[in-house]
Asker: 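I'd like to ask some things about the structure below.
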Amino acid sequence: MYFSKMLIPTLRDVPADAEAVSHKLMLRAGYVRQLAAGLYIYLPLALRVMNKINSILRQEMNFINAQEITMPVLHPAEIWQKTGRWYEIKDEMFRLKDRTDRDMCLGMTHEEIMTWLAAREIRSYRDLPQSWYQIQTKLRDEARPKSGILRTREFTMKDSYSFDADEAGLDVSYANHAEAYHRIFNRCGLRFYQVESDPGMMGGATAHEFMAPSSAGEDEIVICNSCGYVANIEVASSIHTKTEDLDCSYQEVHTPGKKSIKDVSAFLGLAPTNLLKSLLVMCSDTPMLVLLRGDQELHEKKLLKLVGKFRPASNDEIINTLGVEAGFIGPMSHDIKIISDPSLKSGMFVAGANKSDYHVKGIKADTHFKAEWHDIHVAKAGDGCPKCGKILSSEAVIEIGNIFKLGTKYSKPLNAVYLDSNGKENPIIMGSYGIGPARIAAAAIEQNNDKDGIIWPKNIAPFDIQISPLNLSDQATRDTLDAMYKELSPKGFEILVDDRDERPGVKFKDADLIGIPIHIILGEKSLKEGLVEIKTRKTRESAKINVNDAVNAAIKAHSEAF
RNA sequence: CGGGGCGUAGCGCAGUCUGGCUAGCGCACCUGCCUUGGGAGCAGGGGGCCGGAGGUUCGAAUCCUCUCGCCCCGACCA
């Protein structure tokens, strides 16, 4: 392929809109252009990358006997109404009516439609198990598209769905997918973790996410380097580290105007871990006191699971219920329900005195307050690992894939059932498994770049080798180019030839930007000495090789490349 | 949806506060000369309803009102 014939609009300046490294580089290197918020055009180079990724996806999905099919993006409302998601999902779903005024929506995922198919086509346990997948466009009216290709309103997704007769079957399908995902992300050259995650609205009990570390990621995980515990902070638990002991008698202290943990700890010269944080929440109009250690944040989802829907109390409600303003609340002598994080169970703390401008030192659990004990804090770096107790670290990550055990959440409402060997009807047990190919590409760039541009892992690079003849009017250069091209192409190497009439510097800069793993440079002077240069993008190592050995050296360099 | 920022040539920006020459600069683009191993140089050239609508004014990129769009933080994320 000739550079001069291809649309590769590289840019010297970064468009001001771009923030994430992958976004900047994809724009600068001529991979994508933005149409509107969260809508991107994939130019030829990007499409080549996507095709490489998708072909890896197909190989690995087929390897676990999943079958590719494709489904409409336009869906009738009734199916979504049957599972209830038509009503549960709000603005995120694109909805429209057809000419007969029938409600329709654009597919944001395909559990409903896949289950509809299964309901029609699967009759017997003999038909099971099945795994079906597609690589298809999804549409979600995202509240906030961001970071270029990372969070868009229209994107392709590899989504697969497993159908089994029982839980044991689902376990096998789930494990097969997890293994396939490991192979896929490894082949794509990503660093990633498989983490425990929140099943959320997908239903079901077990879910894992595949996370690629990157500062551009929107999610955060905690990691234990000792025992291997890894979890999304959405679900992560952690044990508290030991508090610097406070040893004093129960006493009031004057803390005028000091309402926040930060102010109080600074004023008293104590660590936030010595303080007790009291929050009043309203749980269907019943007030409830929630206690955390001063350094902790309330994990709303954990509390939600315990008490159901709740909201923070208003200032008026706080005063009416507790007789004190926020900032000086203490857990002592209230006759409302108290839920406390276990970090407060032992030790001595400072809390509000239940009167303005005063705090109390020497608070002890069970002595000064009684509570129900539950893990309700957000795990963070520095906390103890819930499994082994060692210190946790945390990392920002991009979610590149997820796997869910759905159970019968969709098969029951859509009546996807089979007859077992006893002739008894049972709901099909399902799983669903997603991967975002665009996120793989973006994560690969996030993890592999330098100041000059992209460094593609070779398995997903748009081309295998770039050849840059520096002076095309030189006959020896043209002959060498032709010979190398003719020898490499039939061996399956995809080659980009920079045949543009540009100065060498321009070609070098663009080659670095675009990020093809191997770069062969044909210089007139070197050729006179019978040499060509072979350069590896990632290591920047370059070697002058005898023309006659160049093809083999290039093949070797490519096989050794990242 | 709440908070903040920004819309001037393909890209990056100045000009806006304090209204007034023909709306400017760099890069990119076109022509010619020259140059050819890390985004060369010289000369000439093309490209703008200053996001849109309304208003104030003798006069608006600039002031006022409304509106649309994009980015960032947060909420949300099936």
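Letters go in sequence order (proteins before strands), and every chain restarts at 1.
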Asker: Examine U35(B): is either OP1 or OP2 under 4.0 Å from a nitrogen or oxygen in the side chain of R503(A)? Give yes or no.
Answerer: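 False: R503(A) side-chain N/O out of range (4.0 Å or more) of U35(B) OP1/OP2.
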Asker: State, without any angle test, whether E395(A) and Y193(A) hold a side-chain donor-acceptor pair at a distance under 3.5 Å.
Answerer: yes
Asker: Which part of the nucleic acid, if any, lies within contact of A36(A), taking any heavy atom under 4.0 Å across all strands shown: a base, the sugar-phosphate backbone alone, or nothing?
Answerer: sugar-phosphate
Asker: Round to a whole Å and report the spacing from CD of E142(A) to P of C73(B).
Answerer: 14 Å
Asker: Distance check, C1' atoms only: G15(B) and C1(B), in whole angstrom units.
Answerer: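 It works out to 36 Å between them.
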Asker: Report which part of the nucleic acid R28(A) touches: base, sugar-phosphate, or nothing (heavy-atom distance under 4.0 Å, all strands).
Answerer: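 It contacts base atoms.
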Asker: So what's G32(B) paired with, Watson-Crick or G-U wobble, going by both distances under 3.5 Å?
Answerer: C42(B)
Asker: How many whole angstroms separate atom NZ of K451(A) from atom P of G39(B)?
Answerer: 12 Å
Asker: Would you kindly say whether D499(A) and S4(A) are connected by a side-chain donor-acceptor distance under 3.5 Å?
Answerer: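 Side chains of D499(A) and S4(A): pair found under 3.5 Å.
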Asker: Give me the distance, rounded to whole Å, that separates G69(B) from G52(B) when you measure between the P atoms they each carry.
Answerer: 15 Å
Asker: Between A61(B) and C21(B), how far apart are the P atoms? Round to whole Å, please.
Answerer: 9 Å
Asker: Tell me which nucleotide among G37(B), C29(B), G38(B) gets nearest to the side chain of E502(A).
Answerer: C29(B)
Asker: Write down the distance between CZ (R500(A)) and C1' (U36(B)), rounded to a whole number of angstrom.
Answerer: 15 Å
Asker: What is the base-pairing partner of U56(B), counting Watson-Crick and G-U wobble geometry with both distances under 3.5 Å?
Answerer: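 Pair assignment: U56(B) / none.
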Asker: Would you indicate what D91(A) reaches in the nucleic acid, counting non-hydrogen atoms under 4.0 angstrom: base, sugar-phosphate, or nothing?
Answerer: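 Since no nucleic acid heavy atom lies under 4.0 Å of D91(A), the category is nothing.
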Asker: Less than 4.5 Å apart, side chain to side chain, heavy atoms only: is that true for W132(A) and M114(A)?
Answerer: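 Yes, at least one pair of side-chain atoms sits under 4.5 Å.
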Asker: Distance check needed: C73(B) P versus E220(A) CD, whole Å only.
Answerer: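 Those two atoms, CD and P, are 15 Å apart.
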Asker: For G12(B), give the paired nucleotide (Watson-Crick: N1-N3 plus N6-O4 or O6-N4; G-U: N1-O2 and O6-N3; both under 3.5 Å), or none.
Answerer: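 Pair assignment: G12(B) / C25(B).
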Asker: Taking salt bridge (Lys or Arg N to Asp or Glu O under 4.0 Å) as the criterion, tell me which of R85(A), K138(A), K409(A) meets it with E111(A).
Answerer: R85(A)
Asker: With a cut-off of less than 4.0 Å, is there a side-chain N or O of K507(A) near OP1 or OP2 of G38(B)?
Answerer: no
Asker: Starting at NZ of K24(A) and ending at C1' of C71(B), how long is that distance when rounded to a whole Å?
Answerer: 13 Å
Asker: How do R140(A) and Q34(A) order along RNA chain B: which one's closest nucleotide is nearer the 5' end?
Answerer: Q34(A)
Asker: Under a 3.5 Å limit for both distances, which nucleotide forms a Watson-Crick or G-U wobble pair with C6(B), could you say?
Answerer: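 C6(B) is paired, partner G69(B).
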Asker: Between the base of G37(B) and the side chain of E533(A), is there any donor-acceptor pair under 3.5 Å?
Answerer: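 Under the 3.5 Å cut-off, the side chain and the base do form a donor-acceptor pair.
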Asker: So if I take every side-chain heavy atom of A143(A) and compare against A75(B), C71(B), G37(B), which nucleotide ends up nearest?
Answerer: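 My answer, after comparing the listed nucleotides, is A75(B).
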Asker: Is S147(A) touching bases, backbone alone, or none of the nucleic acid, heavy atoms closer than 4.0 Å?
Answerer: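 Touches sugar-phosphate only.
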Asker: Any heavy-atom pair between the side chains of R537(A) and I516(A) that's under 4.5 Å?
Answerer: no
Asker: Out of G38(B), G37(B), G39(B), which nucleotide sits closest to the side chain of K535(A)?
Answerer: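 So the nucleotide nearest the side chain must be G38(B).
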Asker: Using the C1' atom as the point on both nucleotides, what is the distance between G48(B) and U8(B), in whole Å?
Answerer: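 So the two C1' atoms sit 8 Å from each other.
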Asker: Tell me the interatomic distance from E218(A), atom CD, to C72(B), atom C1', rounded to whole angstroms.
Answerer: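 Nearest whole value for this atom pair: 13 Å.
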Asker: Sticking with atom P, work out how far C29(B) lies from U16(B), rounded to a whole angstrom.
Answerer: 31 Å
Asker: Taking atom C1' in both A23(B) and A40(B), what distance in whole Å separates the two?
Answerer: 30 Å
Asker: From C-beta outward on L513(A), which listed nucleotide comes closest to its side chain: G39(B), G38(B), C70(B)?
Answerer: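 Minimum distance to the L513(A) side chain belongs to G39(B).
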Asker: Taking C50(B) as the reference, what is the distance to U62(B) when you measure between their C1' atoms (whole Å, please)?
Answerer: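 My reading of the C1' atoms in U62(B) and C50(B) gives 10 Å.
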Asker: Side chain of R144(A) only, heavy atoms from C-beta on: which candidate in G37(B), G39(B), C72(B) is closest?
Answerer: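 Looking only at heavy atoms from C-beta outward on R144(A), the closest nucleotide is C72(B).
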Asker: Hey, are the side chains of I113(A) and W80(A) touching, using non-hydrogen atoms and a 4.5 Å cut-off?
Answerer: yes
Asker: List the protein contact pattern of nucleotides 7-15 of chain B with one symbol per nucleotide (5' to 3'): B for base contact, S for sugar-phosphate-only contact, - for none; contact means a heavy-atom distance under 4.0 Å.
Answerer: ----BSS--
Asker: Taking pairing as Watson-Crick or G-U wobble with both contacts under 3.5 Å, can you name the mate of G74(B), or confirm there isn't one?
Answerer: C1(B)
Asker: Does a side-chain heavy-atom distance below 4.5 Å link E297(A) with L292(A)?
Answerer: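 Answer no - side chains too far apart.
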Asker: What pairs meet the side-chain hydrogen bond (donor to acceptor under 3.5 Å, both in side chains) rule with one or both residues in residues 32-43 of chain A, with sequence neighbours excluded?
Answerer: H23(A)-Y40(A)
Asker: To the closest 0.5 Å, what do you measure between CD1 (I403(A)) and OG (S162(A))?
Answerer: 10.0 Å
Asker: Rounded to whole Å, how long is the line connecting atom NZ of K525(A) with atom P of U35(B)?
Answerer: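 Whole-Å distance recorded here is 14 Å.
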Asker: Rounded to the nearest 0.5 Å, what separation is found between the CE atom of M71(A) and the CD1 atom of I69(A)?
Answerer: 4.0 Å
Asker: Looking at G39(B), G37(B), C72(B), which one has an atom nearest to any side-chain atom of K146(A)?
Answerer: C72(B)
Asker: In whole angstrom, give the distance that lies between atom CD of E19(A) and atom P of C70(B).
Answerer: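 The distance from CD of E19(A) to P of C70(B) comes to 17 Å, rounded to the nearest Å.
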Asker: P atom, G7(B) versus A75(B): distance in rounded Å?
Answerer: 28 Å
Asker: When you match K509(A) and D501(A) each to their closest nucleotide on RNA chain B, which lands nearer the 5' end?
Answerer: D501(A)
